[in-house]
Structure formats: structure tokens, C-alpha cells
Amino acid sequence: MTRLSVEMLAADTVDPITSASHAQLGIAVLVGIAVLVLLITQTKLHAFLSLTIGSLALGAVAGAPLDKVITSFSAGLGSTVAGVGVLIALGAILGKLLADSGGADQIVDTILAKASNRTMPWAMVLIAGIIGLPLFFEVGMVLMIPVVLLVAKRGNFSLMRIGIPALAGLSVMHGLVPPHPGPLAAIDAVHADLGITLALGVLIAVPTAIIAGPVFSRVADRWVHVTPPDRLMPTRPSKELERRPGFGVTVLTVLLPVVLMLIKALVDIVVDDPENTVQRVADVIGAPLIALLAAVIVGMFTLGRAAGFTKDRISSTVEHSLAPIAGMLLIVAAGGGFKQTLIDIGVGKMIMDISQDWNVSALLLAWLIAVAIRLATGSATVATISAAGLMTPLAADMSSTHVALLVLSIGAGSLFFSHVNDAGFWLVKEYFGMSVGQTVRTWSVMESIISVVGLVFVLLLSLVI
């Protein structure tokens, strides 16, 4: 971790805006999270408003002056948007170009054409993993569902053998691999190195997706038998296109930001000299903003123009990609405000003081906190941001690799046991035509496997790096 990062973390833990005792701060945290949970689950209030009200309740119970609570929340909201908002927007643009141009369908069709019956579940997790890199989970699911249903029906496959690997690939990417909003927000909160987190995230994501996808799908197939519902089969985005981009160039475009960020991480490790020209160039091209911006610009030609899009059509695609993420941006931003309020009232310092007497790994503690918030709110993003805010002080004494592992342990915990308070639960249930019990035995268990297996790999890596 850089000296600047340590100084920023240290600054987060001094001069709290209240002199409340540890007991009062603990009660304030419980009340703040309880208010958040009740507003989201019982009143169905939007998560942005719930996080805002929860932050005010948190500060009030902690005895902090309300004006300072508002300042803390606003500062956290603004810094989160500054650090993450542009990246989310760029990712949304790239994802929209991929979908509308038929690039996603080209990846799907090419891989499925080469897959045999035996390898089909593995092909599905591979497709979902590639498509899931630049896309939000819900968007990726909308793209994958037609493929899952068509393959299951035309190939006479069990829906579980095809669907679970696809869901696993999408979910693993959503929870563990930037530039998805949750991991990005956690990276920003604990000042982790994005390149290292990305590299370790991919390293953990691959075996985790295999275990929760093709392997678990065999068990899920024995537990649940459902017929693909024809009425829920959406129209594929590229159905009306006269042509679409090639497989190779589409994959290269999707992987471009990942490659650029990994190059930066590799150069930082090998060269380790801030004045070196190679490292300075790598630091620029591997910066998340530049890497994603480059992919978007390249994608306008390799995806948009390759599909026959005019300049106006590309402009329209970019415009329409931004409206759907407004709610996500506000939730992530408000989560940053909630996180900053936690820090400024002294909760971070309290956890650091108390945890000195605990014989619990910080990585395990981060996972447990994320699990608790995930179970309560149903939101992986809220769980990730809140847990990252609580764990920020503990990251100060960690190496850069362990700070990255901290982000991944939080991400893994944020996926644990999706149930009825999670919109994703109902999305899977309706698309697959399952009952609530069947969805729990398949989707919810799969999410728990991802969470636990991800944690195991995080802990194993922490022993060797």
C-alpha cells in the first residue's frame, strides 16, 4: 500500500464527530442497519432513500451533531461518485454496445456451436463469465436467459444443468471482479489496488464458478426438475440485425480493459519504480478510467460500426445505456455516504480497538459482516459498501495484496444466500418458472456455495501471498 493510502486511512480514524462510547456506537450501528433493513424490506423504500435515512439515524443515535452528519454523508456520497461513478457509466456503455450490436449473441452462438452435449454446462459458465465482465448482473441475465432456455429446449437438456452454470458465471463476476459496482466501491473504500484486486479476483472467480456452476448443477438437477417456460423467452437483441461483429474482435474488445489493468498490475510488481518510463506509461493506460474509456471508444468501431450502426445509432445506444444505471449510481453513492458516516462517528476506530483482542482473521470478519448485511437487506451492493466502510481502518496495516483479498472476502460475503428480499431471487424464479422452494434449493444454495468457496480461496491465498 502506498504512503498516501496509509495517510488517507489514518485520517479516516481520527477526530470523530462524536465522543460516544463504544457501547453507544455499537447501538448506533445496529439501529442504523436496522432502520436500513426495515425501510428496504418492509416499506419497500428505494435503497437510495433508505441509505440516506439510515445514515441520519446512525448519526443521531451516536449523538453526533446533525449538521456534521449531513456533511459526512454528503462528502462520502461525492467521493464515491468521483471514484466509482464514471467507471460504472463507462461499463454500462460498453455493455450496451455489446448487447445491441449482437456481439454478445456472437460470443454465445460461436461457443455453443463448438460445444458437445457433455461440455455444454462448461460452455455456459464460460459464456456467462465473458459476458459478465462488462455487464451488470441483471443485464447479463436478460442476455443469457434466451440462450439458456433455447439450449435446454432444443438440445433436450435439463434446465438446471444449463441454467445454474450460466447464473454462477454471472454472479461470480458480479461479486468478485471489477468493474462491477460492488467490487469497485469496496476498492475505493479501503483504497485497494484495482489491478491486484482484478488479478486475484479472476484467479478466485474461475474455480469458484466451476464448483458453483457445472459441478453443483449435477446436484441441483437431482433436486429440481422444471420445464423451460416458453412464455418467458425474450427476443434476442441481434435478431433484427443484418450483420454483427466477429467472435474474435468482440472478445478482444470485452477483455481490453481487463488486459490493460492487468498489464499495469504486472508492471508495478516487476518494475516497482515510479520514475521508470515503462511504469509511468502502464500506470496511465492501466488506470480504470483510461482502460474502460479505451474499450468504449474501440467498441464503437469494433462493435457498433461492425454491426452497421450509423453515428446517430451509436450515439443513441450510448445515451440509452446511461438512463438505466441512474438508480444504481444513486445507491452506490448513498452507500458511500453511509460508509463515511460510519467512519466519521468513530465506528471504524471502535472496530479497530475491539478487534485487537479478537482471535479472528480480518478477512473472515469482513466476510461475516457482509453476510449479515446481505441476509438482512438482500442487496449485494449495499452489503459490500457497508462492510467495506466498517473494515476500512483494519486495512491500514495490511499489504496491498491482503487489502485486495479483503475486498474479495467482502465481495464473497455479499453473495451469501440470496432469498426473498433480493430482487435477483425473484428474477431467477420467474425466468425459470420455479416455485419459491425450488428457487431456494437451486439459486439460493448456489449463491451460498459461491460465497463460501470464494472465502476459502481468499483464506488460502492469504497464506501464500
Side-chain angles (χ1 to χ4, degrees), residues 1-30 32-33 54-55 58-59 61-64 68-69 71-73 75-77 79-80 83-84 182-194 196-197 335-373 382-411 413-414 458 462:
M1 179 178 289
T2 66
R3 179 181 176 185
L4 177 60
S5 295
V6 173
E7 290 174 350
M8 290 170 67
L9 286 166
D12 282 340
T13 62
V14 298
D15 298 329
I17 59 178
T18 176
S19 57
S21 64
H22 285 177
Q24 184 176 356
L25 287 176
I27 293 173
V29 172
L30 293 176
I33 293 178
S55 299
L58 171 70
V61 176
K68 292 186 177 181
V69 174
T71 300
S72 293
F73 178 81
L77 186 149
S79 64
T80 301
V84 178
L184 278 178
I187 288 168
D188 183 66
V190 301
H191 310 294
D193 184 281
L194 191 144
I196 294 175
T197 307
F338 186 79
K339 177 265 299 184
Q340 193 61 45
T341 305
L342 285 168
I343 292 173
D344 287 353
I345 66 173
V347 172
K349 186 176 185 300
M350 176 195 75
I351 289 180
M352 186 169 61
D353 292 340
I354 295 175
S355 64
Q356 290 176 352
D357 300 324
W358 293 356
N359 190 25
V360 177
S361 162
L363 299 177
L364 178 58
L365 178 62
W367 183 83
L368 291 170
I369 292 174
V371 165
I373 299 174
V382 171
T384 300
I385 295 170
S386 301
L390 289 169
M391 296 302 298
T392 296
L394 298 185
D397 298 325
M398 293 182 176
S399 65
S400 57
T401 52
H402 277 236
V403 175
L405 290 176
L406 183 70
V407 170
L408 297 176
S409 68
I410 292 171
S414 73
V458 165
S462 71

Close side-chain approach of Thr80 to Ile385, heavy-atom, < 4.5 Å: no
Looking at CG of Leu394 and CG of Asp397, how far apart are the two atoms once the value is rounded to the nearest 0.5 Å? 8.5 Å
Is the shortest side-chain heavy-atom distance between Leu342 and Val29 below 4.5 Å? yes
Would you find a donor on one side and an acceptor on the other, under 3.5 Å apart, between the side chain of Thr341 and the backbone of Ser55? no
Measuring only between side-chain heavy atoms, which start at C-beta, is Leu77 closer than 4.5 Å to Phe73? yes
Between CD1 of Ile196 and CG of Leu408, what distance do you get to the nearest 0.5 Å? 11.0 Å
Donor-acceptor pair, distance only, cut-off 3.5 Å: does the side chain of Ser79 make one with the backbone of Gly76? yes
Measure the CG-CD1 distance between Leu368 and Ile373 for me, rounded to the nearest 0.5 Å. 11.5 Å
Which heavy atom of Leu406 sits nearest a heavy atom of Ala362, and at what distance? CD1-O, 3.9 Å
Between OG on residue Ser400 and CG on residue Asp193, distance to nearest 0.5 Å: 6.5 Å
Would you compute the distance between atom CG of Leu390 and atom CG of Leu365 and round it to the nearest 0.5 angstrom? 9.0 Å
Under a 4.5 Å cut-off applied to non-hydrogen side-chain atoms, are Leu194 and Leu184 in contact? yes
Heavy-atom pair with the smallest gap, counting every atom of Ser409 and Ala366: OG-CB, 3.6 Å
Provide the closest heavy-atom pair for Ala388 versus Ala189 in the form atom of the first, atom of the second, distance. CB-CB, 3.8 Å
Looking only at heavy atoms, which two atoms of Leu363 and His402 are closest? And how far apart? CD2-O, 4.0 Å
Of all heavy-atom pairs between Thr197 and Ala192, which one has the smallest distance, and what is that distance? OG1-CB, 3.8 Å
With side chains defined as the heavy atoms from C-beta onward, is the minimum distance between Ile17 and Ser72 less than 4.5 Å? yes
Minimum heavy-atom distance Ala64-Ile345, with the two atoms named: CB-CG2, 4.3 Å
Atom CG in Leu364, atom OG in Ser462: separation rounded to 0.5 Å? 10.5 Å
